[in-house]
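Only one structure is covered here, and it is reproduced in the block below.
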Amino acid sequence: MKKTLILFGTFLLLIITSCKEGKKAQEARMPEQYALEDLYNTKSISASGFNADETKILITNNATGIYNAYELNISDTTAIALTKSTNESIFTTDYLPGSSKFIYSADEGGNENSHLYVMDRKGTSPKDITPWKNSANSFFGWSQDKKNMYINSNNRDVKYFDLLKLDTISWKPTVLYQTDSDLSPSLISKSERYIALNKSITTDKNEMYLYDRKTKTTKRLSTDKEANWNPMAFEKNDSIMYYSSNEDTEFSYLVKYNINTGKSEKIFEDKWDINYMYLSENEKYHAIFINNDGKNKVLLFDHATGKQIDLPAFNDGDVTNIIISNSENKLLLTVGSSTSPANLFLYDIPTKKLKQLTSVLNKKINQNDLVTAEVVRFKSFDGKEIPAIYYKPIQASKDNKVPALIWVHGGPGGQSRIGYSNSIQYLVNRGYAVLAVNNRGSSGYGRTFYKMDNKDHSNGDLKDCIWGKKWLAEQDYIDPNAIGIYGGSYGGCMVLGALAFHPEEFKVGVDLFGVANWPRTLKSIPPFWESFRKALYDEMGDPYTSDSIRLKKISPLYNYDKINKPLLVFQGSNDVRVLPIESNEIVAGVKKNGVPVEYIVYPDEGHGFQKKENQITTTKTTLAFLEKYLKTPKK
């Protein structure tokens, strides 16, 4: 299992953009500077599926400042609101097959106890179809006849997620697989006979099994070698399963497994990780997603012949998702870029016609005033080459030196990659360079690089950030005396660690819900991560053993007395991954040093800030803090 799917995760606002190396740099000039509200007056949109006659699309949209469900009409691209929540973020799942009703998920204030709801598009009261208190529930797919919905739920035991089937009339649940061990359901075949199971061993190794519900037998498919195995798709005939693995290689590849013969065949590989395979409804097409140096590469194939099918080209565009309609004639593409949030495009496969369905960037914003990101690499303390995503302000020059930020992603094991960020573009527009370091331990750069930080956190990975700062300081348009560090979640811990363990390197730190006390955080892992807890302990250290000595040593909280640079901290009250006490105590400790400390707590957020109002406050406060404490005053 990827570290990007576990403990702290990569905060949505920290996911950033990249482009091919060698892109011509923008000429130094003074771009128009935009009000923060203008940048945030863009929409964040994602698509969930086509309606029955493929004339409409179910989408999630934060146009009102909070995520709600909308329906987009393909013919005229207009959209109507289906929900009007003002408190909780609503994320669409799919249309209810054969109906105008739709499914969405929502939790309470970011507490991650998501429930699934069914609602009529007429706006009648939604029905909670997972009405179990203190439970987390997620959509797992539809049955082949579309009369049942599969979900994962920890209703029975908060530590484990069972695979349930709900009929779409009464919504009465039936248990298909009860999870009482480290084996977790990952995929179910269309006939419901086979369930692919995963077992986390370490963050670099898992095991994959195939459970036969007919014979009640479980067969191990993975080997004993250190590798990751991820089920991806079943064919309808119950004879073929597809999965990815990085066994004996640096990067994962795609495998076709014959259930009847037990033989595996490698069918596709690239020089980067195969992240995902998507099989269309009637198996006419399959798509493969490749993590290409932090940027998605999506390939479409005729499934029967294996012939690749051309897709539209998008300049500096990154296809982050595709949905193939049930008729298999329409392809819905989600495409973002360095300078625009993701838009939706409809591609008619037979006619090869492309239609843009959304235009989410505020029309007041000239994309030429935004910065196209660049992939750069620099040598770290030990000569290791470290990849990073770089935003150079348009106005930066030898005669106009600018301040800079090292930007640290979440994790451990996250990756800074493609995707639009209002906060980054705003800071760069205001003249701050941003270097998003993919430090050792980041995913996407091979298994060796991925495991380099195991039980070495706050050492080599943190030094990578410091050497990134040194790279910035070498650029003749960067003010070497005005470089700070910014990060969220695990990246927030890196911010605190940089200030505590290397107090003279960075001028300021901005920490979003970062870990301050590792023993406590690892002991307070949410119970629904029980199946992964041992793997995480293997990587980070077991807080109930002698590992706790090292964990305490690398915890910023026990070294707060060394922090002597200004600190800005943000925290969500409902965060279950990094508890509010982490930020509360580090703030209290650093204040004792007489150091400027600013602290904002959002009572309606969890691990990551979903509400646009809070995102604006975060970015606006950050800029004011940087202007006051980081930027060198002009003479």
Side-chain angles (χ1 to χ4, degrees), residues 12-20 22-46 61-65 77 79 295 312-320 333-345 354-376 389-397 399-405 407 416-436 477-478 612-613 615-616 618-620 622-624 626-627 631:
L12 178 62
L13 293 181
L14 307 184
I15 296 176
I16 58 172
T17 66
S18 63
C19 69
K20 293 183 179 179
K23 181 177 286 291
K24 185 178 179 180
Q26 293 165 298
E27 293 183 6
R29 60 179 175 83
M30 181 57 68
E32 181 177 349
Q33 292 192 329
Y34 296 102
L36 179 60
E37 289 75 12
D38 285 339
L39 270 173
Y40 272 93
N41 192 20
T42 61
K43 305 180 187 71
S44 176
I45 290 179
S46 60
N61 188 341
N62 72 341
T64 63
T77 71
K295 183 175 182 178
F314 298 93
N315 293 332
D316 190 36
D318 184 62
V319 179
T320 58
L333 300 164
T334 303
V335 184
S337 75
S338 298
T339 56
S340 173
N343 278 297
L344 302 180
F345 291 79
L354 181 70
K355 180 178 182 178
Q356 184 168 345
L357 301 178
T358 63
S359 182
V360 297
L361 186 66
N362 185 352
K363 297 191 184 309
K364 289 184 178 180
I365 308 298
N366 182 345
Q367 282 188 253
N368 292 325
D369 290 322
L370 303 182
V371 171
T372 299
E374 179 186 2
V375 175
V376 299
I389 314 301
Y390 185 45
Y391 292 81
K392 176 187 174 183
I394 297 172
Q395 59 265 51
S397 68
D399 300 323
N400 184 34
K401 296 183 184 295
V402 297
L405 288 173
W407 196 280
S416 288
R417 47 179 288 124
I418 204 77
Y420 176 85
S421 169
N422 280 316
S423 56
I424 288 179
Q425 286 291 355
Y426 181 66
L427 293 174
V428 177
N429 182 248
R430 294 286 163 163
Y432 289 83
V434 173
L435 181 70
Y477 50 82
I478 297 291
K612 191 177 292 188
E613 179 183 1
Q615 294 170 2
I616 291 174
T618 300
T619 304
K620 184 176 291 186
T622 297
L623 179 66
L626 298 176
E627 293 281 300
K631 200 170 187 178

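All values below were derived from every heavy atom in this structure, side-chain atoms included, with hydrogens, water molecules and symmetry-related copies excluded.
Side-chain contact between L344 and T334 is present, with at least one heavy-atom pair separated by less than 4.5 Å. Using a 4.5 Å cut-off on side-chain heavy atoms (C-beta onward), L435 and W407 make no contact. At a threshold of 4.5 Å between non-hydrogen side-chain atoms, the residues T372 and T339 count as touching. Between I365 and D369 the shortest side-chain heavy-atom distance does not fall below 4.5 Å. Counting heavy atoms from C-beta on, the side chains of E374 and I389 never come closer than 4.5 Å. Residues Y40 and S423 are in side-chain contact: their nearest non-hydrogen atoms beyond the backbone lie under 4.5 Å apart. Inter-residue side-chain proximity for L405 and I424 is flagged as unmet; no heavy-atom pair is nearer than 4.5 Å.
Dense packing is recorded around NZ of K355, with more than 12 heavy atoms of other residues, nucleotides or ligands lying under 6.0 Å away.
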Next item on the list: Please test L361 against Q367 for side-chain contact (heavy atoms from CB on, under 4.5 Å), starting from the C-alpha separation and ending with a verdict.
Entry: CA-CA 9 Å; L361 186 66; Q367 282 188 253; 3.3 Å; yes

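By the side chain to side chain contact (heavy atoms under 4.5 Å, CB included) test, K631 pairs with P403, Y432, E627, sequence neighbours left out. The side chain to side chain contact (heavy atoms under 4.5 Å, CB included) check on N400 picks up Q395, S397, with sequence neighbours excluded. In terms of the salt bridge (charged side-chain N to carboxylate O under 4.0 Å, His left out) criterion, residue partners of E37 (sequence neighbours excluded) are, by chain and number, K620. Every residue two or more places apart in sequence or in another chain that forms a side chain to side chain contact (heavy atoms under 4.5 Å, CB included) with N429 is listed here: P31, Q33, Y34. Not counting sequence neighbours, the partners of S46 by the side chain to side chain contact (heavy atoms under 4.5 Å, CB included) test are T60. F345 pairs by the ring-ring contact (aromatic ring centres under 6.0 Å, His included) definition with F314, not counting sequence neighbours.
Of all non-hydrogen atoms in I478 and A433, the two that sit nearest each other are CD1-CB, 3.6 Å. The nearest pair of heavy atoms linking N62 to S44 is OD1-N, 2.7 Å.
Judged purely by distance below 3.5 Å, without hydrogens or angles, the side chains of N343 and T358 pair a donor atom with an acceptor atom.
Put simply, OG1 on T42 and CG on D38 are 10.5 Å apart, with the number rounded to the nearest 0.5 Å. A distance of 11.0 Å separates CD of E32 from CD1 of I394, quoted to the nearest 0.5 Å. Atom NZ of K392 is separated from atom OH of Y477 by 4.5 Å, given to the nearest 0.5 angstrom. For the atom pair CG (L427) and CG (L626), the distance works out to 6.5 Å, reported to the nearest 0.5 Å. Taking OG from S421 and CG from L39, the interatomic distance works out to 9.5 Å, rounded to the nearest 0.5 Å. In this structure, CG on N362 lies 10.0 Å from CG on N422, to the nearest 0.5 angstrom.
At distances below 3.5 Å, not a single donor-acceptor pair connects side-chain atoms of S340 with backbone N or O atoms of S337. Q425 places a side-chain N or O within 3.5 Å of a backbone atom of S338 that can act as its donor or acceptor partner. Under the 3.5 Å distance criterion, the side-chain polar atoms of D318 are left unmatched by any main-chain donor or acceptor of T320.
Remark: of the listed residues N41, I616, L623, I616 is the sole one forming a side chain to side chain contact (heavy atoms under 4.5 Å, CB included) with L36.
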